[in-house]
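Everything on this sheet refers to the single structure shown next.
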Amino acid sequence: MSVLLTGAAGYVGSHACVELLNQGYSIVSADNYVNSSPVALERVRQITGRDFPAYETDLRDEEKLRAIFRAHKIESVIHFAGLKAVGESVKKPLEYYDNNLYGSIVLLKIMREFGVKSMIFSSSATVYGAATKMPLDEKMPLGCVNPYGWTKFAIEQLLRDLCLADPDFSAVLLRYFNPVGSHKSGLIGDNPSGIPNNLIPYVTRVAVGELERLPVFGNDYNTPDGTPLRDYIHVCDLARGHAAAMAYAAAHKGCEAINLGTGKASSVLDVIHTFERVNGVPIPHFIAPRRAGDADESWSSTEKAERLLGWKAEKGLDDMLRDAWRWQRQNPKGYHA
Ligand code: NAD
Ligand code: UDP
């Protein structure tokens, strides 16, 4: 019996591969490498000393996906595959709905064909939209502010409806906060192409000398130092959360949404100063205009994850930023070196 990981070569997926292989699971990877490299999977094999089948396929290619289910006894699916750039989703909503939502529909239809009734889905804290009451907990009303978020919202709703229609189906909707850091080996990590949208990859590219200065998007937010507060979570803690969700789904039917965050909030300036302190590398930065759509704060209640999954994040911001820097320093050009 194997677990199918869609989007396994991506940032979160590759770390989850390592965690699952280390826990003894058999895995199968399906990825079209639209935002990743098969080298990441080679590195996973190097870290774990274990091999696994990896298919290059788009989720929307029904025939290829069916062939994977035919070739392997899949017992559950962790569904990471998706496009994730918020700004791009505003410009290309059709591509985002097609890739993320239609891709999920094809996947779920094939799962039904083969009687596979367990899915762990990569959702996002973005489904809480413009909520202002912190910490964010799973009972809060949802609402999104961009097409990327709406694709997550729609897939969540689809899974809730599927679980209502089929009492044997298990779905865990994991709402990630801000995944950062990398595996301690420095062999796998976040590898965005072009100029990074996210804070930590921007910081590490300034540190490595590829970018000159970090723009701090606004210092007039309603927070102690004026820069926005986020719940950064180490990607290896996040990966462990998936293994815990798999165990939960194996024992429980129905649909549960669960936040994966640390419950701690750090500002942009906290990130810069912590990075400089733990790595001894300066991060030249300047205050730039606000970026549209950024909230003052976003951080997670951890109560439900602790109660249902017995999972809690263990790593702090120091670890996250030390590990993020090790990955960038060892791979200044990412997987393309
Ligand atoms: P990523 O882009 O590194 O990984 C996504 C993977 O999916 C890539 O390997 C990509 O090639 C693959 N993919 C995309 N569309 C595909 C398709 N149609 N068929 C096959 N493969 C396809 O992203 P990530 O950071 O690892 O995120 C994983 C998941 O978690 C995504 O669904 C993302 O939306 C979600 N998420 C990420 C974050 C974050 O900040 N990283 C936060 C919240 C939620
Ligand atoms: N940010 C920044 N400069 C950058 C990228 C991000 O100041 O070059 C800030 C952004 O305004 C937000 C925080 O860093 O307050 C985290 O942004 P990111 O895009 O990493 O994650 P988000 O919380 O938006 O999903």
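Atoms within a ligand are numbered from 1 in the order they appear, just like the ligands themselves.
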At less than 4.0 angstrom from any non-hydrogen atom of [X], what atoms of ligand 2 do you find?
{"X": "P228", "value": "15 (O)"}
{"X": "V216", "value": "7 (O)"}
{"X": "N197", "value": "5 (C), 19 (O)"}
{"X": "L214", "value": "8 (O)"}

For ligand 1, is [X] a contact, meaning one of its heavy atoms is under 4.0 Å away?
{"X": "S123", "value": "yes"}
{"X": "N100", "value": "no"}
{"X": "H79", "value": "no"}
{"X": "P179", "value": "yes"}
{"X": "T6", "value": "no"}

Nearest-neighbour protein heavy atom for [atom], which is reported as residue plus atom name and distance:
{"atom": "atom 10 (C) of ligand 1", "result": "D31 OD1, 3.5 Å"}
{"atom": "atom 25 (O) of ligand 1", "result": "K84 NZ, 2.7 Å"}
{"atom": "atom 13 (N) of ligand 1", "result": "N32 OD1, 3.5 Å"}
{"atom": "atom 5 (C) of ligand 1", "result": "G82 O, 3.8 Å"}
{"atom": "atom 11 (O) of ligand 2", "result": "D294 OD2, 2.6 Å"}
{"atom": "atom 20 (O) of ligand 2", "result": "L199 N, 2.8 Å"}
{"atom": "atom 2 (O) of ligand 1", "result": "N35 ND2, 2.7 Å"}
{"atom": "atom 25 (O) of ligand 2", "result": "N178 ND2, 3.9 Å"}
{"atom": "atom 3 (N) of ligand 2", "result": "P215 O, 2.7 Å"}
{"atom": "atom 26 (O) of ligand 1", "result": "V12 N, 2.8 Å"}
{"atom": "atom 19 (O) of ligand 2", "result": "R291 NH2, 2.9 Å"}

So which heavy atom on A207 is nearest to which on W325, and how close? CB-CZ3, 3.5 Å
Counting heavy atoms only, which of [options] is nearest [atom]?
{"atom": "atom 1 (N) of ligand 2", "options": "Y202, Y221, Y232, F217", "answer": "F217"}
{"atom": "atom 30 (O) of ligand 1", "options": "Y176, F80, F177", "answer": "Y176"}
{"atom": "atom 35 (C) of ligand 1", "options": "F121, Y232, Y148", "answer": "Y148"}
{"atom": "atom 15 (N) of ligand 1", "options": "V127, V86, N99, L83", "answer": "N99"}

Does the structure place the NZ or CZ of R60 under 6.0 Å from the centre of the six-membered ring of Y102, at an angle of no more than 45° from the ring's axis? no
Is it possible for you to check whether R291 lies under 6.0 Å from the centre of the six-membered ring of F217, through NZ or CZ, and within 45° of that ring's axis? no
Heavy-atom distances under 4.0 Å are what count here, so tell me which part of [X] touches ligand 1: side chain, backbone, both or neither.
{"X": "A8", "answer": "neither"}
{"X": "N191", "answer": "neither"}
{"X": "Y33", "answer": "backbone"}

Whether the [X] and [Y] side chains hold a donor-acceptor pair (N or O, under 3.5 Å, no angle test) is what I'd like checked.
{"X": "H79", "Y": "S104", "answer": "yes"}
{"X": "D225", "Y": "T227", "answer": "yes"}
{"X": "R43", "Y": "N331", "answer": "yes"}
{"X": "Q23", "Y": "E19", "answer": "yes"}

In this structure, are over 12 heavy atoms from other groups packed under 6.0 Å from R112 atom CZ? no
Taking everything shown except D220 itself, do over 12 heavy atoms lie less than 6.0 Å from its CG? yes
Do T6 and Y55 come close enough that some side-chain heavy atom pair is under 4.5 Å? no
The single option from Y33, Y11, W327 that satisfies ring pair (Phe, Tyr, Trp, His ring centres under 6.0 Å) with Y335 is W327
Taking the side chain from D231 and the backbone from F177, do they hold a donor-acceptor pair closer than 3.5 Å? no
